[in-house]
Enquirer: 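One structure, pasted below without further comment.
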Amino acid sequence: MAYWLFKSEPDVWGWDHQVAKGDAGEEWHGVRNYLARNNMRAMKIGDLGFFYHSNIGKEIVGIVEICAESHPDSTTDDPRWDCVDIRAVRPLMRPVTLAEVKADPRLQEMALVKSMRLSVQPVTAEEWRIVCGLGGVDP
DNA sequence: GCCAACGTTGGC
DNA sequence: GCCAACGTTGGC
């Protein structure tokens, strides 16, 4: 079981869109970055991820689950780009802002802090537990 | 809207 | 294969 973090601009694709897709989930397409793609290739069904809103809000708002493993990205013919499908599991009771993450000495190693621009990031079990605690949900 | 960080592209 | 130019991301 691994943990991840997905970033999206909420005015393009936000948590509400994700929730509206229900259990069927949705392709996390459009990623054109090798490191982010490699992270998706490493994902297994049942892995969990945080859903982060960049630009607007700048906060972790919910938890998603991988519901389809890596497959070709349907939005391009370029064979380099794969993606997974994710579905919304539940919102955080309280969003965890980027400022909170940056201010928490236990979270200084998070990719969200150290690799700010990476759009699909790994999260450690420890970080998962801490952020869930801040967000008011069970890990 | 600005600008720093950083990934990608393309010439050599 | 190196590296400068360029484009994009995303916080502020």
Side-chain angles (χ1 to χ4, degrees):
Chain A
M1 166 68 115
Y3 301 101
W4 310 94
L5 182 143
F6 296 86
K7 291 203 303 199
S8 186
E9 299 186 38
D11 51 348
V12 177
W13 183 262
W15 175 250
D16 290 344
H17 297 105
Q18 190 66 49
V19 169
K21 283 289 174 177
D23 287 344
E26 174 74 0
E27 244 189 3
W28 197 255
H29 52 231
V31 172
R32 301 291 182 266
N33 172 283
Y34 291 106
L35 203 48
R37 181 207 63 189
N38 291 346
N39 285 336
M40 289 197 287
R41 285 183 174 175
M43 293 176 189
K44 302 293 183 197
I45 287 179
D47 280 359
L48 297 175
F50 288 127
F51 194 105
Y52 175 80
H53 281 170
S54 63
N55 288 323
I56 301 168
K58 285 168 289 185
E59 56 194 9
I60 298 167
V61 293
I63 291 174
V64 295
E65 178 182 12
I66 311 307
C67 60
E69 291 180 13
S70 185
H71 57 80
D73 184 330
S74 71
T75 62
T76 178
D77 290 331
D78 192 327
R80 291 178 298 172
W81 305 119
D82 297 333
C83 62
V84 296
D85 291 6
I86 63 175
R87 66 177 184 85
V89 175
R90 62 178 169 221
L92 297 188
M93 295 288 291
R94 207 176 59 77
V96 177
T97 66
L98 179 62
E100 282 179 88
V101 170
K102 285 185 168 178
D104 194 315
R106 300 169 299 173
L107 297 175
Q108 294 310 296
E109 296 300 312
M110 269 193 89
L112 198 58
V113 176
K114 299 190 79 173
S115 308
M116 188 247 283
R117 293 184 52 194
L118 184 59
S119 61
V120 180
Q121 312 178 346
V123 173
T124 68
E126 174 86 356
E127 291 159 354
W128 184 266
R129 193 177 54 72
I130 294 167
V131 174
C132 283
L134 294 173
V137 296
D138 293 332

Enquirer: For chain A and DNA chain B, what are the first and last nucleotides along the strand, 5' to 3', with at least one atom under 4.0 angstrom from a heavy atom of the protein chain?
Expert: dA5(B) to dT8(B)
Enquirer: Which residues pass the side-chain hydrogen bond (donor to acceptor under 3.5 Å, both in side chains) test with Trp28(A), sequence neighbours left out?
Expert: none
Enquirer: What residues in residues 33-40 of chain A put a non-hydrogen atom under 4.0 Å from any atom of DNA chain B?
Expert: Asn33(A), Tyr34(A)
Enquirer: Through direct or indirect side-chain contacts below 4.5 angstrom among Ile, Leu, Val, Met, Phe, Trp and Tyr, which residues connect to Leu118(A)?
Expert: Leu35(A)
Enquirer: For Asp73(A), check salt bridge (charged side-chain N to carboxylate O under 4.0 Å, His left out) against everything at least two apart and list the hits.
Expert: Arg32(A)
Enquirer: Checking side-chain polar atoms at under 3.5 Å, does Ser115(A) have a donor or acceptor matched by the opposite partner on Gln121(A)?
Expert: no
Enquirer: Got a sec, which pairs hit side-chain hydrogen bond (donor to acceptor under 3.5 Å, both in side chains) with one end in residues 51-61 of chain A, sequence neighbours left out?
Expert: Glu9(A)-Asn55(A)
Enquirer: Got a sec, which residues hit side-chain hydrogen bond (donor to acceptor under 3.5 Å, both in side chains) with His71(A), two or more places apart in sequence or on another chain?
Expert: Asp85(A)
Enquirer: Report all side-chain donor-acceptor pairs from residues 128-139 of chain A shorter than 3.5 Å, counting only partners two or more places apart or in another chain.
Expert:
residue: Arg129(A); atom: NH2; partner: Glu126(A); partner atom: OE1; Å: 3.3
residue: Arg129(A); atom: NH2; partner: Glu126(A); partner atom: OE2; Å: 3.3

Enquirer: Under the side-chain hydrogen bond (donor to acceptor under 3.5 Å, both in side chains) rule, collect the residues that match up with Glu100(A), sequence neighbours excluded.
Expert: Arg94(A), Thr97(A)
Enquirer: Which residue pairs pass the salt bridge (Lys or Arg N to Asp or Glu O under 4.0 Å) test with at least one member in residues 39-57 of chain A, sequence neighbours excluded?
Expert: Arg41(A)-Asp82(A)
Enquirer: Estimate the overall bend of the helix from dG1(B)-dC12(C) to dC12(B)-dG1(C) from the end axes over five pairs each, rounded to 10 degrees.
Expert: 10°
Enquirer: My understanding is that only residues two or more places apart in sequence, or in another chain, count here; which of them pass salt bridge (charged side-chain N to carboxylate O under 4.0 Å, His left out) with Glu26(A)?
Expert: Lys21(A)
